[in-house]
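When a ligand or atom number is given, it counts from 1 through the structure's own listing order.
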Amino acid sequence: GCVKAGLRGALIVLEGCDRSGKSTQCSKLVERLVQEGRQVLLMRFPDRTTPIGQMIDSYLQQTVELDDHVVHLLFSSNRWEAMRKMTELLQSGTTIIVDRYAYSGVAYSAAKGLSVDWCRQPDVGLLKPDKVLYITVSPEKAAERGQFGTERYEKLDFQQKVNNMFLYLKDPSYWQTVSGEGSIDVVHAEIYKLATQTIKESEHLPLLKLWT
Ligand code: Z5A
Ligand code: MG
């Protein structure tokens, strides 16, 4: 698995509600692509390692209170601060698998009552993913995967609002829904198939910008 000159990497985002298995599937996918000798990187948003990410972390852990608009802009800034690095990596042939992106940004803030149009604006112009794999699980299945944690948004009625927002944001031109209800290996097989197709299809396509 060597890098073919001039071909770019793909930007693939996994989205979905709480406990749908995004982080589990992102790790498994990246592990397999690395084993195959592909150039690939795993990223997640929020990236809690940067100064902005640390502010987000304090908010999610409920150690600080912030205005909803402020939090929204911090999540967006946390993506913007990664854009230069992501662009360079994609152009040099690295595929990036991303655990949550701007869709989570809009879905969670709009579920709190902010206007969807307002919520989209700060993320307009971010790199547009080549594919969003939207993992779905029923609330019953999600409940079998353990209790809600103690972070801010981990409550059932709120998660249902978030789900509805994801359905509203879903763009069939580049989103694909994947059932997250099978075993980890079954879900992985489907995601691997779609991701490798996307990598192949994106090689010669230009990088686009989100919501423009
Ligand atoms: N947020 C926001 O408001 N604005 C933004 O712009 C962004 C995010 C980017 C933290 O995100 C919060 O930030 C989040 C949205 C908000 N709030 N909430 N809720 P995060 O990404 O750090 O959230 P997380 O808590 O790490 O992820 P998650 O959504 O809760 O879980 P997941 O990654 O989808 O699932 P998982 O960790 O892979 O799996 C959950 C459990 O299920 C685990 O025990 C697994 O072993 C098990 N599992 C996974 N797959 C299976 C299958 N197939 N069968 C059985 N069991 C399974
Ligand atoms: Mg996760």
Number the atoms of ligand 1 from 1 as they appear, then name those within less than 4.0 Å of a heavy atom of Thr24, with their elements. 36 (P), 38 (O), 39 (O), 45 (C), 49 (C)
Any N or O of Asp99 that comes nearer than 3.5 Å to an N or O of ligand 1? no
Does Tyr101, backbone or side chain, put an N or O under 3.5 Å from an N or O of ligand 1? no
Can you run down the ring pair (Phe, Tyr, Trp, His ring centres under 6.0 Å) pairs that involve residues 61-81, sequence neighbours left out, and say none if there aren't any? His69-Trp118, His72-Trp118
Looking only at distances, can you tell me whether any N or O atom of Arg48, backbone or side chain, sits closer than 3.5 Å to an N or O atom of ligand 1? yes
Check the Mg ion (ligand 2) and write out every protein N, O or S atom at under 2.8 Å, as residue and atom. Ser23 OG
Heavy-atom contacts with Gly105 under 4.0 Å: which atoms of ligand 1 show up? List them by number with element. 4 (N), 5 (C), 6 (O)
Should the pair Phe166 and Tyr134 be assigned to parallel (<30°), tilted (30 to 60°) or perpendicular (>60°) ring geometry? tilted
Polar contact flag, side-chain donor to acceptor under 3.5 angstrom, Arg100-Tyr108: yes
Nitrogen or oxygen of Leu60 less than 3.5 angstrom from that of ligand 1: no
Have a look at Ala107, Gly21, Ser27 and point out the one with the heavy atom closest to atom 35 (O) of ligand 1. Gly21
Is there a polar contact, in the sense of an N or O pair closer than 3.5 Å, between Phe45 and ligand 1? no
Which atoms of ligand 1 are found less than 4.0 Å from any heavy atom of Ser183? 53 (N)
Among Phe158, Phe75, Tyr59, the residue with a heavy atom nearest to atom 16 (C) of ligand 1 is Phe75
How far is atom 44 (O) of ligand 1 from the closest protein heavy atom, and which atom is that? Arg145 O, 4.6 Å
Would Gly182 count as a polar contact of ligand 1, with the cut-off being nitrogen or oxygen pairs under 3.5 Å? yes
Contact check: Ser23 vs ligand 1, nitrogen or oxygen atoms, below 3.5 angstrom: yes
With the threshold set at under 4.0 angstrom, would you say Gly16 reaches ligand 1 through any of its heavy atoms? no
Is it the case that over 12 heavy atoms from other parts of the model lie below 6.0 angstrom from the CE atom of Met165? yes
